[in-house]
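Worksheet: one structure, shown below.
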Protein chains: 2
Amino acid sequence: MFERFRRYLEDKIILSENDYQLIKSISIVKKLRKHQFLLTEGDVCTFNAFVCEGFLRKYSVDDKGTEHTVYFATENWWTADRQSLMDGTPSKYYIEAIEDSAVLLISKSNFELLSEKIPPFRDMVNQLIQRSLNATHERINNTFISTAEEKYNHFLKSFPNLANRTPRHMLASYLGITPETLSRIRKQVSGK
Amino acid sequence: MFERFRRYLEDKIILSENDYQLIKSISIVKKLRKHQFLLTEGDVCTFNAFVCEGFLRKYSVDDKGTEHTVYFATENWWTADRQSLMDGTPSKYYIEAIEDSAVLLISKSNFELLSEKIPPFRDMVNQLIQRSLNATHERINNTFISTAEEKYNHFLKSFPNLANRTPRHMLASYLGITPETLSRIRKQVSGK
DNA sequence: AAAAACTCTTGATAAATGTCAAAAAGAATT
DNA sequence: AATTCTTTTTGACATTTATCAAGAGTTTTT
């Protein structure tokens, strides 16, 4: 499993063999079966997770019991609850495997160690976070600008490889609409 | 004006007098009158801006000409279009002074210089971006979870000091509702 | 101070999306 | 292959929010 992560890193930054050994030594492989949780509400998140294979989502549950998907993560993506990780507060989110998955866990302290010892790693992470922030702002903007149908089409265009893998009701909850509305939109769109 | 920024920095990190002199030497003070733009759509954003005083907002304009406020910035906040800044692409956003304001501009290259020469500065910035990302995720989650009224109340609670300063139609566009709906909500809420 | 230009509120109506219930389709399990 | 469980679709109806138009308040400009 670590090989995946290594290839990911090789693609982004240049590291010594020692660096890779250090990273490998602190990485924990975790396999998850479909429906299994990596994090549940109330937990304090203690890791960053790199997705080697599979498909996960992060979601919250509101007072009425409705799920709201805030994030998907598939191969080569990261996932965690950064808020909880940063502040040590209990998480409001669930992170659940949508498919059988394998992730690499790096604990908070080890992650800080890596950032300290390996500047290129630190810079890579900071750039990722920047990009993530940009993408999240973009998502907010789209959410407000678009109708349900436009949001659906925008998702298809942005994540063509996720479209078929994503259960509809999870996609609906990611778009902020009900499964029924999504179903009707899909019918309309296919008729065009 | 630089004094404001200095106090802000003193509050967060420990720097030498030399560091402050360096920072001061590359900071550009810019005063903005109400309605004046710091950035307009199509511009490439070339700076990070620290708000010394005043009140600004960042918004996009959709096909129908409707404005969508994505961000407010007041004293001690930062503003920029990071996407455009990072990639050198034309911005989709306007940044406009809502009140007479004074900002400190730091160009992209000087900002990188500071991050390189002054590690505490770099760390501070990275932490800010992390927090901003957390807040933005939180905002997305709230947007989906909440009704218009809840979003309004949440804004009041989160930014009590902005509530009275913010023109209603801009607040409405930040919440993703129309000014008319906001007006009706305010009437309801005040009746309680 | 009057006029003009915004901003906010109110009312009537329309459109989009949500809710609830049930049927249909698809997967997983026996 | 049959059964059970889950997911998706469909229909009828309700609710929320948007739209359009007009009027009341505020600010800004002349």
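Letters go in sequence order (proteins before strands), and every chain restarts at 1. These numbers come from a predicted model, not from an experiment.
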Those residues that, when tested against B:Glu67, pass salt bridge (Lys or Arg N to Asp or Glu O under 4.0 Å) (two or more places apart): B:Arg57

Mind calculating the distance between CD (B:Glu96) and C1' (C:dC6) to the nearest angstrom? 13 Å

In a table with atom names and distances, give each donor-acceptor pair under 3.5 Å that connects a side chain of residues 110-124 of chain A to protein atoms at least two apart or in another chain.
| unit_1 | atom_1 | unit_2 | atom_2 | d |
| --- | --- | --- | --- | --- |
| A:Asn110 | ND2 | A:Ser107 | OG | 3.2 |
| A:Ser115 | OG | A:Phe111 | O | 3.1 |

What is the distance, rounded to the nearest whole Å, between atom CG of A:Asn164 and atom P of C:dG26? 15 Å

Exceeds 12 heavy-atom contacts within 6.0 angstrom, atom NZ of B:Lys92: no

Can you check the B:Glu67 CD to D:dA18 C1' distance for me, whole Å? 17 Å

Do the side chains of A:Glu99 and A:Arg165 get nearer than 4.5 Å, heavy atoms only? yes

Got a sec, which residues hit salt bridge (Lys or Arg N to Asp or Glu O under 4.0 Å) with B:Asp62, two or more places apart in sequence or on another chain? none

With sugar-phosphate taken as primed atoms, P, OP1 and OP2 and all else as base, the protein-contact string of nucleotides 24-30 of chain D at under 4.0 Å (heavy atoms; B, S, -) is ----S--

Determine all donor-acceptor pairs shorter than 3.5 Å in which one atom belongs to a side chain in residues 7-24 of chain B; sequence neighbours excluded.
| unit_1 | atom_1 | unit_2 | atom_2 | d |
| --- | --- | --- | --- | --- |
| B:Tyr8 | OH | B:Trp78 | NE1 | 3.2 |
| B:Glu10 | OE2 | B:Arg6 | NE | 3.0 |
| B:Ser16 | OG | B:Asn18 | N | 3.4 |
| B:Ser16 | OG | B:Asp19 | N | 3.1 |
| B:Ser16 | OG | B:Asp19 | OD2 | 3.2 |
| B:Glu17 | OE1 | B:Arg6 | NH2 | 2.9 |
| B:Glu17 | OE2 | B:Arg6 | NH1 | 3.1 |
| B:Glu17 | OE2 | B:Gln21 | NE2 | 3.1 |
| B:Asp19 | OD2 | B:Ser16 | N | 3.1 |

Whole-Å distance separating the OH atom of A:Tyr152 from the P atom of C:dT17: 15 Å

Please give the angle, rounded to 10 degrees, between the axes at the start and the end of the helix from C:dA1-D:dT30 to C:dT30-D:dA1, where five pairs define each axis. 50°

Partners meeting salt bridge (Lys or Arg N to Asp or Glu O under 4.0 Å) with B:Glu41 (sequence neighbours left out): none

Mind calculating the distance between CG (A:Asp100) and P (C:dA27) to the nearest angstrom? 16 Å

Could you run down the sub-3.5 Å N/O contacts of the protein with nucleotides 8-16 of chain D?
| unit_1 | atom_1 | unit_2 | atom_2 | d |
| --- | --- | --- | --- | --- |
| D:dT8 | OP1 | A:Arg168 | N | 2.9 |
| D:dT8 | OP2 | A:Arg168 | N | 3.4 |
| D:dT8 | OP2 | A:His169 | N | 3.2 |
| D:dT8 | OP2 | A:His169 | ND1 | 2.9 |
| D:dT9 | OP2 | A:Ser183 | OG | 3.3 |
| D:dT9 | O5' | A:Ser183 | OG | 3.1 |
| D:dG11 | N7 | A:Arg184 | NH2 | 2.5 |
| D:dG11 | O6 | A:Arg184 | NH2 | 3.0 |
| D:dA12 | N6 | A:Arg184 | NH2 | 3.4 |

Could you check how far CG of B:Leu175 sits from P of D:dT17, rounded to whole Å? 12 Å

Could you tell me the separation between the CD1 atom of B:Ile177 and the P atom of D:dT19, rounded to a whole number of Å? 12 Å

Shared-cluster residues of B:Phe37, by chain and number - hydrophobic side chains joined below 4.5 Å: B:Tyr59, B:Val61, B:Tyr94

Hydrophobic cluster of B:Leu39, others only, ordered by chain and residue number, side-chain cut-off 4.5 Å: B:Ile28, B:Leu32, B:Leu38, B:Phe47, B:Val51, B:Leu56, B:Ile95, B:Val103, B:Leu105

May I have all residue pairs that pass side-chain hydrogen bond (donor to acceptor under 3.5 Å, both in side chains) and include part of residues 29-40 of chain B, sequence neighbours excluded? B:Thr40-B:Asp43

Residue pairs fulfilling ring-ring contact (aromatic ring centres under 6.0 Å, His included) with at least one residue in residues 168-189 of chain A, sequence neighbours excluded: A:Phe72-A:Tyr174, A:Phe155-A:Tyr174

